[in-house]
Amino acid sequence: MLDTPIVHFDNVVKKFGSFTAVEKADFQIARGEFLAIMGSSGCGKTTTLRMLAGLEDPTEGNILLDGEKINGKPTWERDTPMVWQSLALFPFLTVQENVEFSLKMRKVPKGQRRERARKWLDRLGILEFADRNISQLSGGQRQRVALARSLVTEPKILLLDEPLSALDAHLKVRMQSVLSGLQKDLGITFVYVTHSMSEAFSMADRVVIMSRGKIEQIGTPEEIYREPRNRFVADFLGSSNVFDGSLKSSGNEVWQIETEHSSFTLKAPSEVQKTDGSPVAFAVSSENMSLAAIGTPWAGNSIEATVVGGEFAGASATVFLETDQGQELKVQKGHDELKTVDIRAGQKLLVHWLPEHCHVLPGE
Amino acid sequence: MTGNRNPLINGLLKLHITLCLIFIFAPIAGSFVFSLNSDRFPSLPLGSFSTEWYRLIWEDPLVWAGFFNTLLVGACVAAIATLLGFGGAYTDFRYKFFGKPVYLALALLPPTIPVVIMGLAMLAFLSRVSLSGNVISVIIAHGVMCSPFAMAIIRLRLSQMDPDLEAAAWNLGGNEWVTMRHVIIPFTKPAIYAALFITMAVSFDEFAVAWFVSGLNETLPVKVLGFLQGQVSPRINAIGSLAFVSSISFIVIAQLLMRNPESKPS
Ligand SMILES: Nc1ncnc2c1ncn2[C@@H]1O[C@H](COP(=O)(O)OP(=O)(O)O)[C@@H](O)[C@H]1O
Ligand SMILES: [Mg+2]
């Protein structure tokens with residue numbers, strides 16, 4: 001049993017009328033994993049989570065929890081507690097009563113209920129508020145109550161739907177470390193829905209990126225960052241420039257790609273097979289591009305572009321440029337490096353990068 | 001509230017409110033004063049102070065019968081209308097379905113129907129199913145008329161509820177019935193009490209429909225009309241004052257219950 005995944009989405013589809021909210025979700029979640037589901041608003045993250053919780057029924061496909069098919073099993077018979085975006089704490093109950101709620105539903109005797117609730121309140125550092133009303137708590141404290149309320153039954157899996165979105169930046173970071181710590185200590189599976197890349201990438205073991213109901217990529221934060229699978233992911237990460245072209249010659253070492261701008265050289269990817277002439281898209285991270293004055297001799301790939309503007313934040317700056325063909329490029333550099341070039345708007349510059357910094361998008 | 005407002009406008013507004021209140025309460029106050037007046041006819045100057053009329057109604061078995069009928073009807077109507085109103089409001093809160101606006105319009109319609117028409121229709125219908133002319137017929141008729149008030153009050157409360165709250169309770173292991181008991185009812189409790197009192201007050205005061213369907217089992221307002229038709233007696237003033245005090249108490253209690261819904265019910 002232990003090597004079966006705790007959750008298996010087996011080609012799950014969810015439709016609301018004719019609208020497809022989740023399209024062929026097919027993935028597994030390992031025991032003890034911290035999985036983040038990330039995507040912009042309306043892409044179907046909550047719907048995916050709600051299907052796992054038993055609050056929505058899949059239109060097609062199966063969901064397996066612990067190897068058991070749970071389609072149609074009502075949420076109150078699953079042990080899949082959820083931390084809600086709105087927290088959904090019971091305003092007419094005290095903190096302690098909120099935490100005791102699921103034990104009460106399971107007919108745990110009163111004394112035991114109280115003891116277990118207090119243990120979790122203590123663990124989350126809010127024992128002193130046990131007898132307060134929810135309305136008397138701050139945002140961060142409510143967050144902890146919601147966590148305690150879901151964890152009090154010691155479930156194997158915890159579902160979280162954008163639990164930190166209502167908190168300010170400082171508190172958010174603090175709660176992130178509370179959550180990661182808790183997950184490591186308890187060793188249970190967390191499924192964490194968020195639209196924030198920084199939350200997903202800083203906490204999760206693996207990230208699922210969704211867009212318009214479809215899963216675009218699943219992988220560790222590093223894999224996704226280094227090797228985005230397709231244009232959507234590359235754009236979503238926001239730090240890459242994507243070029244389209246066709247494969248002119250595919251040697252063992254290098255590929256030549258013909259694009260509307262010019263021909264580029266890139267290091268032959270080991271995991272992608274393509275025949276000459278087929279379309280290829282590749283991404284270059286904006287950190288791996290450099291700027292130079294026109295006419296500077298350069299051995300790698302280069303392209304001429306006009307500066308549109310810049311964004312200067314912290315230790316680095318992002319310069320936005322546009323090629324003659326109208327493609328937008330962004331280049332991110334430290335201030336020191338930028339001192340050597342003139343980056344006023346309207347200036348024409350040479351953008352250059354090395355062949356090994358090109359990443360072929362396998363999903364395109 | 002009065003902030004930087006022009007003192008003239010301020011004064012006029014206060015005058016306006018005062019006049020409105022006088023207009024509403026002067027007849028009631030008058031009736032109250034005359035109910036304690038020894039004279040047989042309500043005229044000035046007043047005679048001496050007397051509780052004679054109260055003593056008379058106290059000793060009148062017909063008044064007592066009317067009073068008990070009113071009380072019985074009121075209590076039953078409050079329970080039935082609140083139950084129906086709760087069901088209607090919860091259906092609206094919980095489900096989306098085709099034709100919901102029509103359902104809502106129909107459910108909330110009864111108070112907009114002229115009472116005479118309502119009374120006639122009720123009489124026609126209840127007599128056909130052999131339910132007219134007794135207490136049950138008044139209860140049924142008033143139940144129909146009062147449940148929209150209960151529904152409106154409970155619906156308002158449910159609209160203040162986080163829509164995730166119910167699903168959260170299910171998710172924490174409560175099935176639908178248990179969740180109804182542990183989440184929906186505690187949350188709507190103040191509104192449920194308020195609905196009980198308001199519907200009771202409405203039933204207490206309702207005359208026209210009761211008149212049509214009550215037959216020999218008259219409620220107090222119907223009894224009052226009976227008095228008026230027979231003779232002009234200051235007993236009416238006494239009954240009116242008592243009825244007013246009861247109704248206004250129900251309304252005030254309902255208002256108090258609705259005022260602070262966030263406070264924790266014990
Ligand atoms: N009960 C529902 N009925 C109809 N459409 C729904 C329902 N729930 C969600 N949707 C739609 O499905 C899409 C995905 O919703 P959701 O999963 O809540 O997105 P996310 O959590 O990623 O923001 C949205 O376009 C939303 O409007
Ligand atoms: Mg959502």
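Note on naming: letters A, B, ... go to the chains in the order of the sequence lines (proteins, then strands), and numbering restarts at 1 for each one. The structure displayed is predicted, hence computed values, not measured ones. We use all heavy atoms of the structure for the numbers below, so side chains are in, but hydrogens, waters and symmetry mates are not.
The environment of B:Arg181 atom CZ is sparse: at most 12 non-hydrogen atoms of other residues, nucleotides or ligands sit within 6.0 angstrom. A 6.0 Å sphere centred on OH of B:Tyr193 holds no more than 12 heavy atoms belonging to other residues, nucleotides or ligands. Around the CD1 atom of B:Ile253, the shell of radius 6.0 Å holds more than 12 heavy atoms that belong to other residues, nucleotides or ligands. Within a 6.0 Å sphere centred on CZ of A:Phe27, heavy atoms belonging to other residues, nucleotides or ligands number more than 12. Atom NE2 of A:His8 is surrounded by more than 12 heavy atoms from other residues, nucleotides or ligands within 6.0 Å. For B:Tyr103, the OH atom counts as densely surrounded, since its 6.0 Å shell holds more than 12 non-hydrogen atoms of other residues, nucleotides or ligands. Heavy-atom neighbours of A:Glu115 CD from other residues, nucleotides or ligands within 6.0 Å: at or below the threshold of 12. Around the NZ atom of B:Lys100, the shell of radius 6.0 Å holds more than 12 heavy atoms that belong to other residues, nucleotides or ligands.
Going from atom CD of B:Glu166 over to atom CZ of A:Phe90 covers 10.0 Å, rounded to the nearest 0.5 Å.
Of residues 168-178 of chain B, those residues with a non-hydrogen atom less than 4.5 Å from any non-hydrogen atom of chain A are, in numerical order, B:Ala168, B:Ala169, B:Trp170, B:Asn171, B:Leu172, B:Gly173, B:Gly174, B:Asn175, B:Glu176, B:Val178. Below 4.5 Å, heavy atoms of chain B meet heavy atoms from A:Phe101, A:Ser102, A:Lys104, A:Met105, A:Arg106, all part of residues 98-106 of chain A. At a heavy-atom cut-off of under 4.5 Å, chain B is reached by A:Ala53, A:Leu55 from residues 46-62 of chain A, listed in order of number.
Two residues are said to be in side-chain contact when any heavy atoms from C-beta on lie closer than 4.5 Å; B:Leu165 and A:Pro91 meet this criterion.
The two residues B:Asp162 and A:Ala88 come nearest to each other via the heavy atoms OD2-CA, 3.5 Å.
When heavy atoms are compared at a cutoff of 4.5 Å, A:Leu159 does not approach chain B at all.
The salt bridge (Lys or Arg N to Asp or Glu O under 4.0 Å) search around A:Glu23 returns none, not counting sequence neighbours.
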